[in-house]
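Below you'll find the structure, written out as structure tokens, and then a few comments.
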2 protein chains.
Amino acid sequence: MSSPMTQGAETDFIEGMGLILQGDGMPRIAGRLMGLFVLRGGPFSFNELAETLEVSRGSVSTNTRLLEDLGVIERVALKGERQDFFRLAADPYAQIIERKRVRSIRAQESIRRSADELTDAGPEAVARIGALGNFFGILAAATERALEDLEKTDGTTPSERITSDPSSLAAE
Amino acid sequence: MSSPMTQGAETDFIEGMGLILQGDGMPRIAGRLMGLFVLRGGPFSFNELAETLEVSRGSVSTNTRLLEDLGVIERVALKGERQDFFRLAADPYAQIIERKRVRSIRAQESIRRSADELTDAGPEAVARIGALGNFFGILAAATERALEDLEKTDGTTPSERITSDPSSLAAE
DNA sequence: TATTTTGTTCAATCTTGACTGAACAACATG
DNA sequence: CATGTTGTTCAGTCAAGATTGAACAAAATA
């Protein structure tokens, strides 16, 4: 069916998302959950998640809460069911970007605050510290625009329109 | 001199940069080095770095190379000196952003590749996977524009012009 | 009320990566 | 040549965080 290295396309996708999120400083299991929800949408019951991903209930609890806080998934109640169910949120990615933005702003502020303390810094030092603050300011501004781009395509249009190539922006 | 919690403004700044970089997935010592170079510019000798930051020579070697590869600092030779010296690079932040961009593109490609394998995915699944790829595309595009913004202010104008809040532009 | 189901919490374990310090090679100096 | 200096490498140690699994509280069920 597939190469001997691989375990099936769905598992590959889920594990791939695990690695991508891990590379971004999140728990691997959170990434696997996200992969599963992107792949199949849901809703999935709490126990289903633990069984499908072969992961402890403790991890399901911790990481569903994490993704819920991030706005990637949402907890839903199903009539006649006692278990919690989860499904992919309508707008799963907005808060991820917003979180990046906040981190840049925090860094920028922290630097600015430090700069104020450094009363005996020479003009070159002030310039270098200013440039560093500017750097984080640019990152914050970039994520802010990313947030706007995301709102444009939203969940409505599923196409993969945004690319590095500006020419593709006009399409549709 | 300062509050009993604190250790002097310069040390605070250096340690602060250590934490900021660590929060971005880099070694803490790399952040401290970066803080030191932003603060004082350099050039610093290899041994000076180890002594100032109270860190092993092994760590200095590893992390100066890391920052050198990232284009944050550069190795310089000083006449009559046997030790390596390092100073802050002219354009220290460009490659950091470029590196973020590449990571987003990699993720986007990885997802697109996976999507091709998933031949039996329904239309909703295709839409969700497309939206995920789009998300990483947006991140890539945002970092690309950040790179352009950075080139504008470059090292030439040291001011901190880019902010989320337009009102702060007039200040200073 | 006793039992079962469910999700959370937390101590213990495991994993990953950072950091150290000693060994080393290259090179300069005497 | 012998010695000292310099930067790199790598095995060992350490720390931070992720993950597990058992204990637990809350609530449904019988």
Side-chain angles (χ1 to χ4, degrees), chain A residues 14-36 42-70 72-87 99 103, chain B residues 14-15 17-37 42-70 72-87 99 103:
Chain A
I14 289 168
E15 292 302 320
M17 285 307 298
L19 293 178
I20 288 173
L21 275 263
Q22 185 174 52
D24 211 55
M26 316 219 61
R28 167 119 62 134
I29 293 182
R32 290 203 264 241
L33 283 165
M34 186 162 155
L36 180 61
F44 291 108
S45 77
F46 189 95
N47 285 321
E48 238 174 323
L49 293 174
E51 287 160 19
T52 306
L53 297 180
E54 296 177 70
V55 135
S56 75
R57 293 196 304 147
S59 288
V60 171
S61 177
T62 302
N63 287 285
T64 48
R65 181 147 33 83
L66 173 62
L67 292 179
E68 205 185 357
D69 290 348
L70 264 179
V72 173
I73 62 177
E74 53 194 13
R75 202 175 293 244
V76 295
L78 259 51
K79 85 165 181 184
E81 289 282 1
R82 288 177 57 185
Q83 282 188 66
D84 289 358
F85 281 71
F86 301 87
R87 68 167 172 230
R99 195 161 148 280
R103 208 155 44 113
Chain B
I14 290 168
E15 292 302 321
M17 285 307 297
L19 293 177
I20 289 174
L21 274 263
Q22 185 175 54
D24 212 56
M26 316 218 61
R28 168 119 62 135
I29 292 182
R32 290 202 265 240
L33 283 166
M34 186 163 156
L36 180 61
F37 281 103
F44 293 107
S45 76
F46 190 94
N47 284 322
E48 236 173 327
L49 293 174
E51 286 159 21
T52 306
L53 298 180
E54 296 177 72
V55 137
S56 75
R57 292 197 303 148
S59 287
V60 171
S61 177
T62 303
N63 287 285
T64 48
R65 180 147 35 85
L66 174 61
L67 291 179
E68 205 185 357
D69 291 348
L70 263 179
V72 173
I73 63 177
E74 54 194 12
R75 202 174 294 245
V76 295
L78 259 51
K79 88 165 180 183
E81 289 281 0
R82 289 176 57 185
Q83 283 187 64
D84 289 358
F85 281 71
F86 301 87
R87 68 167 172 230
R99 193 162 149 280
R103 206 153 48 109

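Here is how names work: the chains are called A, B, and so on, in the same order as the sequence lines, proteins then strands, and each is numbered from 1.
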From CZ (B:R65) to CG (B:L70), nearest 0.5 Å: 12.5 Å
Side-chain N,O (A:S61) to OP1/OP2 (C:dT8) below 4.0 Å: yes
Rounded distance (Å) that lies between atom P of D:dT5 and atom CZ of B:F85: 15 Å
Protein-nucleotide distance (B:E51, atom CD; C:dT20, atom P), rounded to Å: 14 Å
Criterion side chain to side chain contact (heavy atoms under 4.5 Å, CB included) on B:V60 and B:L53, from CA distance to verdict: CA-CA 9 Å; B:V60 171; B:L53 298 180; over 6 Å; no
A:V55 backbone acceptor or donor facing A:R32 side chain under 3.5 Å: no
Verdict with reasoning, A:R87 to A:I73, per side chain to side chain contact (heavy atoms under 4.5 Å, CB included): CA-CA 5 Å; A:R87 68 167 172 230; A:I73 62 177; over 6 Å; no
Quick one: which protein N/O atoms are closer than 3.5 Å to N/O atoms of nucleotides 23-25 of chain C? Pair and distance per line, please.
none

Each nucleotide N or O in nucleotides 13-19 of chain C that has a protein N or O under 3.5 Å away: list the pair and distance.
{"residue": "C:dC19", "atom": "OP1", "partner": "B:I29", "partner atom": "N", "Å": "3.4"}

Rounded distance in Å - CG (A:D24) to C1' (D:dG17): 16 Å
Closest non-hydrogen atom pair between A:P27 and A:L66, with its separation: CD-CD2, 3.7 Å
Gap between atoms CG and C1', on A:N47 and C:dT8 respectively (whole Å): 14 Å
Test side chain to side chain contact (heavy atoms under 4.5 Å, CB included) applied to B:R28 and B:L19, step by step: CA-CA 6 Å; B:R28 168 119 62 135; B:L19 293 177; 3.5 Å; yes
Between P of C:dA28 and CD of B:Q83, the distance in whole Å: 15 Å
Atom pair distance, as rounded to whole Å: CG in A:L66 and P in C:dG7: 18 Å
Aromatic ring pairing B:F44/B:F37, orientation class (parallel under 30°, perpendicular over 60°, tilted between): perpendicular
Rounded distance in Å - CD (A:E48) to P (C:dG7): 12 Å
Heavy-atom neighbours of A:R75 CZ exceed 12 at 6.0 Å: yes
Distance-only donor-acceptor test, A:R82 side-chain atoms vs C:dT5 base atoms, 3.5 Å: yes
Atom pair CG (B:N47) and CG (B:D84), whose distance is rounded to the nearest 0.5 Å: 10.0 Å
Check: A:R57 main-chain N/O paired with A:S61 side-chain donor or acceptor under 3.5 Å: no
Members of residues 73-81 of chain B that approach DNA chain D, where some heavy atom sits under 4.0 Å away: B:R75
A:D84 CG - C:dT8 P separation (whole Å): 6 Å
Inter-residue atom distance A:F86.CZ - A:T64.OG1, 0.5 Å rounding: 4.0 Å
